[in-house]
Enquirer: 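Here it is, the structure, as structure tokens.
Because the structure is a prediction, the values reported are computed rather than measured. We use all heavy atoms of the structure for the numbers below, so side chains are in, but hydrogens, waters and symmetry mates are not. The chains referred to below are lettered A, B, ... by the order of the sequence lines, with proteins before strands, and numbering in each begins at 1.
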Protein chains: 2
Amino acid sequence: MAKTPMYQQIAEDLRAQIETGKIARGSQLPTELELGARYNASRNTIRDAIKRLTGLQLVETRPGQGTFVTINIDPFVTDLTADPKTGFGGGEGATYLSQVSAKHRRPETTSPRVELQIPPTAIGRRLRLAAGVQVVLRHQQRFIDGIPWSLQTSYYPMDFIHRGATRLLTAEDIKEGAVRYLAETISLTQTGYRDWVTARPADDNEQKFFGIGHDAVVFEIFRTAFDQHGNPMRLTVTVFPTDRNQFIVNVGDNLPDPRYEEGPDEST
Amino acid sequence: MAKTPMYQQIAEDLRAQIETGKIARGSQLPTELELGARYNASRNTIRDAIKRLTGLQLVETRPGQGTFVTINIDPFVTDLTADPKTGFGGGEGATYLSQVSAKHRRPETTSPRVELQIPPTAIGRRLRLAAGVQVVLRHQQRFIDGIPWSLQTSYYPMDFIHRGATRLLTAEDIKEGAVRYLAETISLTQTGYRDWVTARPADDNEQKFFGIGHDAVVFEIFRTAFDQHGNPMRLTVTVFPTDRNQFIVNVGDNLPDPRYEEGPDEST
DNA sequence: TAATATTTGTACGTATGTATT
DNA sequence: AAATACATACGTACAAATATT
């Protein structure tokens, strides 16, 4: 009845050894040839087994070096339900920084790359723009403790520029926050936002930037901010690798503090 | 300079043909041997290329039949920020049903499987239980239009049983909702909840139940409900496949209706 | 029902390329 | 420069799943 393929049996055996701690986190596995000798299997079969483990993000292979058990990064937790009228003004950048600081980590953000673009239909639709209308796009890479953490792109209607919010075109951070800047210059107040949380396979750029495997998955969160008239005033699309990011959503009053120790640990 | 491996070039070529519509959604790809002849590559190389495409969820292979371009399921969107004091009482089951009905889909839920258990540390910690304390566990499978949609497990402190909420032990749906039942029997009112959103590779059970590949990823959402004293009264863990589920989070008042057409389409 | 053809899955072997030490 | 270890690519053979005859 042992009809499970050999490579799966080998993968299962290695997985058990890793999860029970027999093979330590961060340590190096035997080489493919050694494993082949141990399990009496060909190197290709061993490679199939290891491929399963990489898919489970249990190990990672490094050409020229070997195969190593992955160490789980302490996940960064982002609160999606920060009050839009308090604190940092609900700017997504500000929320990000405050959350990071709360965990005593060192955040960095690259200067925005600014582009003018006719957006894809999915973007234009969320901003309720007619087809072919340009947008201002501000793209940033974000790191925590030097680790690539997220890729973020914010889209604003071109109209905002004509109405005076010209600093959206400068490739510099808007220190007081884009939301406050827009309130001061063109009297647009953010009264709320909606996040749309999805997950999808990472594309090549994301794989390279985050240093994740070619079968890795990322969160893609679309945050549409609405002004006092109920119209969308900004769309922010942020991509987070799932191996180092989690999110919390608070509903109701008087919730106890979300101690981050409460997070699910991986050793289920 | 063409240092990109052959199998990646082939995968890229096929991907482009699929995304431009040259190969229709749902249609069958040529067999591995035919592709090998077309690209002048060995069957194993073709298989490596196809493995990349399955990782991107662009194609799926069926033994004995062939390889087919995947048809994307119309994603189901769940609102994580339903008001806990209105409507269906904030029961997670109720939220699920109302959301599904809003899309004119047919939901089904299996009768709960009830267990008594000493929970894993991650569960006990979230319910603030001492180590070794038992919980009541209610597990359900959920479908929409016959498609497996989510796996849900709710955990309640055993204490609730002793205080009179004995219907938690019956393997039947609590029609009025567990939240209302607890309010009526042991005077516990849910005043809010916190969702903790994570993503991880699917385990074997989940792969089998959802019919997803062995490198598929699932959302795992931990919902901790709090009572009027600020204590956790229930933990609900729900697993959703990422290929057919999305979530929205509303913050602020007067948000426009989330027309589901606004969802991101896959043809980016 | 049974046999057969087709197609993907598993397993092996070999050779060479590329990255790292 | 040399050794080591994973990555790519080819070949072969048989098993298992599916559809057809």
Side-chain angles (χ1 to χ4, degrees), chain A residues 1-15 18 23 26-70 204 207-208 211-216, chain B residues 1-14 23 26-70 204 207-208 211-216:
Chain A
M1 303 302 255
K3 50 194 298 191
T4 49
M6 186 185 305
Y7 78 95
Q8 285 184 29
Q9 293 182 38
I10 295 171
E12 174 54 29
D13 188 67
L14 290 172
R15 191 195 60 76
I18 291 170
I23 304 180
S27 69
Q28 183 172 5
L29 257 64
T31 67
E32 292 170 349
L33 288 175
E34 287 170 336
L35 288 171
R38 174 178 312 180
Y39 289 105
N40 202 28
S42 78
R43 190 181 153 219
N44 279 334
T45 302
I46 297 295
R47 284 179 62 76
D48 282 344
I50 290 180
K51 235 170 271 174
R52 267 181 82 88
L53 299 181
T54 58
L56 296 174
Q57 299 177 10
L58 268 176
V59 303
E60 62 183 14
T61 59
R62 302 178 201 152
Q65 297 185 53
T67 304
F68 299 84
V69 183
T70 52
D204 286 337
Q207 286 166 29
K208 223 168 132 183
I212 51 184
H214 56 276
D215 47 3
Chain B
M1 303 302 257
K3 50 194 297 191
T4 48
M6 186 185 303
Y7 79 95
Q8 285 185 28
Q9 293 182 38
I10 296 171
E12 173 55 28
D13 188 66
L14 290 171
I23 304 180
S27 69
Q28 183 170 7
L29 257 63
T31 68
E32 292 170 349
L33 288 175
E34 287 171 336
L35 288 172
R38 175 178 313 182
Y39 288 105
N40 202 29
S42 76
R43 190 183 153 218
N44 280 332
T45 302
I46 297 296
R47 283 178 63 77
D48 282 344
I50 290 180
K51 236 168 272 175
R52 269 182 81 88
L53 299 181
T54 58
L56 296 175
Q57 300 176 9
L58 268 176
V59 304
E60 61 183 13
T61 58
R62 301 177 202 154
Q65 292 183 257
T67 305
F68 298 83
V69 184
T70 52
D204 286 337
Q207 286 166 28
K208 223 169 132 182
I212 52 184
H214 57 276
D215 48 2

Enquirer: Do other residues, nucleotides or ligands put more than 12 heavy atoms under 6.0 Å from the CZ atom of R38(B)?
Expert: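 Result for CZ/R38(B): open.
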
Enquirer: Return the nearest nucleotide to the side chain of P63(A); candidates are dA11(C), dA7(D), dT7(C).
Expert: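 The answer is dA7(D), which lies nearest to the side chain.
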
Enquirer: When the nearest nucleotide of DNA chain C is assigned to Q65(A) and to N40(A) on a heavy-atom basis, which residue is associated with the more 5' position?
Expert: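 Counting from the 5' end, the first nearest nucleotide belongs to N40(A).
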
Enquirer: Phosphate oxygens OP1/OP2 of dC6(D): is one of them under 4.0 Å from a side-chain N or O of T67(A)?
Expert: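 The answer is yes; a side-chain N or O of T67(A) sits under 4.0 Å from OP1 or OP2.
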
Enquirer: So which nucleotide from dC6(D), dA9(D), dT8(C) ends up closest to the side chain of E32(B)?
Expert: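 Closest nucleotide among those given: dT8(C).
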
Enquirer: For P30(B) and for S42(A), locate the closest nucleotide of DNA chain C by heavy-atom distance; then report the residue assigned to the nucleotide nearer the 5' terminus.
Expert: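 Nearest-nucleotide comparison on DNA chain C picks P30(B).
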
Enquirer: Whole angstrom is fine here: how far is it from CZ in F68(A) over to P in dA5(D)?
Expert: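 So the two atoms are 10 Å apart, to the nearest Å.
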
Enquirer: Whole-Å distance between dC14(D) P and M6(A) CE?
Expert: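 Result: 16 Å.
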
Enquirer: Is there a side-chain contact between T61(A) and the phosphate of dA7(D), meaning an N or O under 4.0 Å from OP1 or OP2?
Expert: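 Looking at the OP1 and OP2 atoms of dA7(D), one of them is under 4.0 Å from a side-chain N or O of T61(A).
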
Enquirer: How many whole angstroms separate atom CD of Q8(B) from atom C1' of dG17(C)?
Expert: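 Value for this atom pair: 14 Å.
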
Enquirer: With a 3.5 angstrom cut-off on both distances, give the Watson-Crick or G-U wobble partner of dA5(C), or none if there isn't one.
Expert: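 Across all strands, the one nucleotide that pairs with dA5(C) is dT18(D).
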
Enquirer: Which whole-number value in Å describes the distance from I46(A) CD1 to dT10(C) C1'?
Expert: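 After rounding, the reported distance stands at 14 Å.
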
Enquirer: Rounding to an integer number of Å, can you tell me how far K3(B) NZ sits from dA9(D) C1'?
Expert: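 Spelled out: NZ on K3(B) to C1' on dA9(D) is 18 Å.
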
Enquirer: Which nucleotide in the set dA11(C), dA9(D), dG9(C) lies at the smallest distance from any side-chain heavy atom of N44(B)?
Expert: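 The nucleotide sitting nearest to the side chain is dA11(C).
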
Enquirer: Go through dA11(C), dC12(C), dT8(D) for me and flag the one nearest to the R47(A) side chain.
Expert: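 The answer is dT8(D), which lies nearest to the side chain.
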
Enquirer: For dA9(D), take OP1 and OP2 only and decide whether either is under 4.0 Å from a side-chain N or O of T45(B).
Expert: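 No, because none of the side-chain N or O atoms of T45(B) sits under 4.0 Å from OP1 or OP2 of dA9(D).
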
Enquirer: Mind running side-chain contact (heavy atoms from CB on, under 4.5 Å) on L14(A) and L58(A) for me, showing each step along the way?
Expert: CA-CA 10 Å; L14(A) 290 172; L58(A) 268 176; over 6 Å; no

Enquirer: Below 4.5 Å, heavy atoms only, C-beta onward: do D13(A) and Y39(A) meet side chain to side chain?
Expert: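 Answer yes - side chains close enough.
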
Enquirer: With respect to the side chain of R43(A), which nucleotide from dA15(C), dA9(D), dA11(C) is positioned closest?
Expert: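 Ranking dA15(C), dA9(D), dA11(C) by closest atom to the R43(A) side chain puts dA15(C) first.
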
Enquirer: Set out, in order, the CA-CA distance, both residues' side-chain angles and the distance that settles side-chain contact (heavy atoms from CB on, under 4.5 Å) for V59(A) and I18(A), then state yes or no.
Expert: CA-CA 9 Å; V59(A) 303; I18(A) 291 170; 3.8 Å; yes

Enquirer: Distance check needed: dT7(C) P versus L29(B) CG, whole Å only.
Expert: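 Spelled out: CG on L29(B) to P on dT7(C) is 13 Å.
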
Enquirer: How many Å lie between CD1 on I50(A) and P on dA5(D), as a whole number?
Expert: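 Value for this atom pair: 13 Å.
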
Enquirer: Check every strand shown and say whether Q28(B) touches a base, only sugar-phosphate, or nothing at a heavy-atom separation below 4.0 Å.
Expert: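 No contact.
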
Enquirer: Measuring from R52(B):CZ to H214(A):NE2, what's the distance to the nearest 0.5 Å?
Expert: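 Result: 6.0 Å between the selected atoms.
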
Enquirer: Starting from P on dG9(C), measure out to NZ on K51(B) and report it in whole angstrom.
Expert: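 Checked: the NZ to P distance equals 9 Å.
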
Enquirer: Can you check whether L29(A)'s main-chain N or O pairs, donor with acceptor, with T67(A)'s side chain at less than 3.5 Å?
Expert: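 No.
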
Enquirer: Pick base, sugar-phosphate or nothing for R62(B), based on heavy-atom distances below 4.0 Å to the nucleic acid.
Expert: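 Sugar-phosphate contact only.
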
